[in-house]
Amino acid sequence: MCIKLKKEISSQKTMEKGDWKLILIIVILLVIIALVTMNMDKLFPTPTVQQALTEAINKT
Amino acid sequence: MKDLSKLLVVKELINSLKLIKTNLLLLVVAAITDATFFIAWGFFTTPVKDKLVEHSILLSNKLSSIVAGKPVGLLNHMLGPELSPMTMKLLMLMGMLFLVMYVVYVIFQGTTWWLATQISGQKLKYRQYMLGFAKINLIWLGGYIIYKIFDIALGIRSIVIQALAPGTPNIAGKILLIALIFLGLAAFLSYPKLKAKTIIKTPWKISAPLILLSASIYLTAQFILNNISKINIDAALIAGILILFPTISLIRVYVTRVITNVHTRT
């Protein structure tokens, strides 16, 4: 099984330099999206109950 | 009696099983990528969806306090000076959700489909395939956005109609569902050759049995998993990884083989 997999690995020369560059771009893109989605509260803050109450009091 | 093994759809299924057997490493990589896709989908889209729901509730609360029982000119209020910042935020969040969904889908599904083309014998470069996959999915994303707009509009219409005349059949909803299924199948069949019109250009005598056999293979795997889960949940999790993802890869290879065969001959 190991010899079979080793033969398969050596025969799978389908990735060029440009392909590896694309993989790097994909990884960077995923990291950026992860950073954005993990900081949604900072990017799109939702008013807290306290803030909503303060706003309502100030209006009256 | 007709020899079924000579039929293209049956012959290529047998070939696909043989190709899967000789490309085990690629199969394993495809299965891992598929499993990672489901985790990544939840991880990346859930925070955006949650934020979208929060802002939808906020906007609807503010809107209802402004219109105060007179539900007319809602769109004017939403685009008016008081609510337009919130409306714009909501639209931005919707745009962001579609963008995140698109990027995650293209990255992971593009990779698994490329692996399927490699297993099936096509020697397309990864970069070349991914660019084509990203382009073609812009069409399907556009179709999905149009579907979603109609879905929301028809959903609201259905609620109003049901309130006025309970029990009225939702025919428009059913037509929309058929349209969604057609969109899904068109996308699925477009991925081997990266051509949007594949579903139209493939003879129905090939595409119909291909879709039926693919669905049968998938449902068989699901059936086995469901029965294993009744006995042991942990075993079902392991079985899911060992059975379901390779089955999905097999279907991709099979579809790629048939579509490539049909469109090389014609």
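Nothing here was measured: the structure is a model prediction, and the numbers come from that model. Naming: A, B, ... by sequence-line order, numbering from 1 per chain.
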Using heavy atoms and a sub-4.5 Å threshold, report which of residues 43-54 of chain B line up against chain A, by residue number. B:F43, B:F44, B:P47, B:V48, B:K51, B:E54
Do any of residues 243-250 of chain B come closer than 4.5 Å to chain A, heavy atom to heavy atom, and if so which ones, in number order? none
When rounded to the nearest 0.5 angstrom, what distance separates [atom1] in [X] from [atom2] in [Y]?
{"X": "A:L43", "Y": "B:M96", "atom1": "CG", "atom2": "CE", "result": "6.0 Å"}
{"X": "A:I26", "Y": "B:Y126", "atom1": "CD1", "atom2": "OH", "result": "3.5 Å"}
{"X": "B:T111", "Y": "A:L22", "atom1": "OG1", "atom2": "CG", "result": "8.5 Å"}
{"X": "A:K21", "Y": "B:R127", "atom1": "NZ", "atom2": "CZ", "result": "8.5 Å"}

Would you find more than 12 non-hydrogen atoms of other residues, nucleotides or ligands less than 6.0 Å from B:M94 atom CE? no
Within 6.0 Å of NZ in B:K89, more than 12 heavy atoms from elsewhere: yes
Closest heavy-atom pair, B:H55 versus A:F44, reported as atoms and distance to 0.1 Å, is CE1-O, 3.6 Å
Output the option from B:V106, B:L131, B:I107 having the highest count of non-hydrogen pairs under 4.5 Å with chain A. B:I107
Can you say whether A:L30 sits under 4.5 Å from chain B via the side chain, the backbone, both, or neither, judging by heavy atoms? both
